[in-house]
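Scope of the values below: all heavy atoms of this structure, side chains included, with no hydrogens, waters or symmetry mates.
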Amino acid sequence: MPAVILDACGTLNLYASGRFVQILTALDHEWYVPAAVEKESQQYRQPDPADAEKLIVLPIDLIPAIDGGVLNRCDCENDAERDLYVELAARIGDDGESMGLAIAKCRGWSVMTDDRKARRIAKELGVAVMGTAGVIKHWSEIVKTSRGRTIHGAGVH
């Protein structure tokens, strides 16, 4: 199962879908959130149900996904990861994307980001990149396929 690092924008986008755990669970990856991303990903905005012209701020709670084993925490573990993290932070200007890319590069993992600069630097580093749109599309195909099959022999479609 390939490992994928979520950056802050990817985490926020998937969480805002309301199906964060379901999406991560359906896809055949080990998902990781770096310490810097977890720190950055504390809240998101969505339209106010009472007034679509306004946005409301809602908290992000990654603990159920972490406690459920769907999402794993990670941090820089050695000098190579820390050194690359510092170098990338100077180039990118964001701790979450920088830490995620450093870890992904050093461990041979992929990264999920929608940030153009991070995607460009990932390509330079030879790090495979996923985006929110591709992840959601893949998940929707899995859900569509599973709806057409019998689940656990129970006759539920």
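Residues passing the side chain to side chain contact (heavy atoms under 4.5 Å, CB included) test with Val21, sequence neighbours excluded: Thr25, Ala65, Val70. For Arg73, the salt bridge (charged side-chain N to carboxylate O under 4.0 Å, His left out) partners are Glu38, not counting sequence neighbours. Listed by chain and number, the residues in a salt bridge (charged side-chain N to carboxylate O under 4.0 Å, His left out) with Asp79 are Arg82 (sequence neighbours excluded). Scored by the salt bridge (charged side-chain N to carboxylate O under 4.0 Å, His left out) test, Lys137 finds Glu141 as partners (sequence neighbours excluded). With sequence neighbours left out, the side chain to side chain contact (heavy atoms under 4.5 Å, CB included) criterion links Gln42 to no other residue. For Ala80, the side chain to side chain contact (heavy atoms under 4.5 Å, CB included) partners at least two apart in sequence or on another chain are Asn78, Cys106.
Chaining together hydrophobic side chains whose heavy atoms lie under 4.5 Å apart places Ile92 alongside Ile5, Tyr32, Leu84, Tyr85, Leu88, Met99, Leu101, Ile103, Trp109, Val111, Ile121, Leu125, Val127, Val129. Chaining together hydrophobic side chains whose heavy atoms lie under 4.5 Å apart leaves Leu55 on its own.
Taking 4.5 Å as the limit, some side-chain heavy atom of Phe20 sits within range of a side-chain heavy atom of Leu71. Side-chain atoms of Gln22 and Val143, non-hydrogen and from C-beta on, never get closer than 4.5 Å to each other. At least one side-chain heavy atom of His138 sits under 4.5 Å from a side-chain heavy atom of Ile142.
Test Ile66, Ile23, Val4, Asn72 against Trp31 for side chain to side chain contact (heavy atoms under 4.5 Å, CB included) and you get one pass: Val4.
Within the structure, every pair that satisfies the salt bridge (charged side-chain N to carboxylate O under 4.0 Å, His left out) test and touches residues 124-134, not counting sequence neighbours, is listed here: Arg91-Glu124, Arg120-Glu124. Listed by first then second residue, pairs satisfying side chain to side chain donor-acceptor pair (under 3.5 Å) with a partner in residues 51-65 number zero, not counting sequence neighbours. Screening residues 96-107 for salt bridge (charged side-chain N to carboxylate O under 4.0 Å, His left out) gives Glu77-Arg107, Glu81-Arg107 as the qualifying pairs, with residues at least two apart or on separate chains. Under the side chain to side chain donor-acceptor pair (under 3.5 Å) criterion, the residue pairs touching residues 7-18 are Asp7-Thr113, Asn13-Asp114, Asn13-Thr132, with sequence neighbours excluded.
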